[in-house]
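Positions are given from 1, in the same order as the sequence printed here.
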Amino acid sequence: LTKSREKTLSLPDGVSVKKGYQTLSFYKETASALKPFYGRLSLGETLLDRENGFGYALTRGEIPFINGRLIEAMDLSIERLETPLTIRNSEEGDYIELKGVNGRKKLNDFFIDNKIEKSERDGVPLVVNGDGCEIILILGHRKIDGFADSNSGVFLRLYVLEDNTQ
């Protein structure tokens with residue numbers, strides 16, 4: 001097993017050993033943890049990803065009615081926001097805008113730098129501005145700088161909750 005790459009060794013009876021960046025895991029073969037998802041979220045709406053257990057809401061600040069625990073809450077400048085937002089998984093060529101990194105960084109490089117296992121990368125939900133490819137949030141990992149800056153002081157609030165309505 002090499003030092004920096006994820007490796008898996010299959011054992012009898014569906015048991016596997018996976019060596020990650022800093023971990024050694026034993027597990028029984030199961031389906032992928034997170035399933036692909038694509039959805040659109042407009043102001044005042046709630047979007048449920050029942051297969052993965054997430055609920056998304058975009059409001060003017062009021063708390064949405066989703067039966068679940070809060071995972072993320074983020075104020076977004078109305079000046080930079082294009083609605084509806086897109087909730088999706090990563091795609092080839094995705095990048096993020098970062099201050100101090102010459103503007104851009106490939107999403108895959110971000111995953112590698114933050115030691116996110118290769119097997120988990122495809123399932124990480126992304127919140128994207130409008131129809132484009134401008135990533136606002138890498139769920140559970142990073143809020144992208146610049147979306148909280150506002151000249152007018154007018155914000156919308158993005159909520160991500162654990163969906164318990166199944």
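The NZ atom of Lys19 lies 10.5 Å from the OG1 atom of Thr8; values are rounded to the nearest 0.5 Å. Remark: Phe110 CZ to Arg142 CZ distance equals 6.0 Å, nearest 0.5 Å. Here the straight-line distance linking atom CE of Met74 with atom CG of Leu156 works out to 12.0 Å at 0.5 Å rounding. The NZ atom of Lys118 sits 12.0 Å away from the NZ atom of Lys18 when rounded to the nearest 0.5 Å. Taking CD of Glu120 as the reference point, atom CZ of Phe111 lies at 10.0 Å (rounded to 0.5 Å).
Linking ILVMFWY residues whenever their side-chain heavy atoms come closer than 4.5 Å, directly or via other members, leaves Ile87 and Tyr95 in distinct clusters.
Shortest non-hydrogen contact noted between Ile144 and Glu97 is CG2-O, 3.3 Å. Here the closest heavy-atom approach between residue Gly55 and residue Leu48 is recorded as CA-CD2, 3.8 Å. Across all their heavy atoms, Arg40 and Thr86 have their closest contact at NH1-OG1, 2.9 Å.
The side-chain heavy atoms of Leu158 and Leu41, taken from C-beta on, include a pair separated by under 4.5 Å. Glu45 is not listed as a side-chain neighbour of Leu58, based on a closest heavy-atom distance of 4.5 Å or more. Between Leu161 and Tyr56, the closest side-chain pair of non-hydrogen atoms is not below 4.5 Å. Counting only heavy atoms from C-beta outward, the side chains of Phe155 and Arg60 never approach each other to under 4.5 Å. The side-chain heavy atoms of Ile136 and Val128, taken from C-beta on, include no pair separated by under 4.5 Å. You'll find the side chain of Asn89 reaches within 4.5 Å of the side chain of Phe37, heavy atoms only. Inter-residue side-chain proximity for Ile96 and Ile138 is flagged as met; some heavy-atom pair is nearer than 4.5 Å. The shortest side-chain heavy-atom distance between Asp94 and Leu126 falls under the 4.5 Å cut-off.
When atom types are taken as modelled, the side chain of Asn52 and the backbone of Lys35 share a donor-acceptor pair closer than 3.5 angstrom. Ser77 places a side-chain N or O within donor-acceptor distance of the main-chain N or O of Glu79, the cut-off being under 3.5 Å.
Listed by chain and residue number, nothing satisfies the salt bridge (Lys or Arg N to Asp or Glu O under 4.0 Å) test with Asp122 (two or more places apart in sequence, or in another chain). Partners of Glu82 according to the salt bridge (Lys or Arg N to Asp or Glu O under 4.0 Å) rule, which considers only residues two or more places apart in sequence or in another chain, do not exist here. Evaluation of the side-chain contact (heavy atoms from CB on, under 4.5 Å) rule for Glu72 yields Leu137, Leu139, Lys143, Val160 as partners, not counting sequence neighbours. With sequence neighbours excluded, the residues satisfying salt bridge (Lys or Arg N to Asp or Glu O under 4.0 Å) with Glu91 are Arg88. Not counting sequence neighbours, Arg121 has no partner by the salt bridge (Lys or Arg N to Asp or Glu O under 4.0 Å) test. For the side chain to side chain donor-acceptor pair (under 3.5 Å) test, residues two or more places apart in sequence or in another chain that qualify with Arg157 are Asp75.
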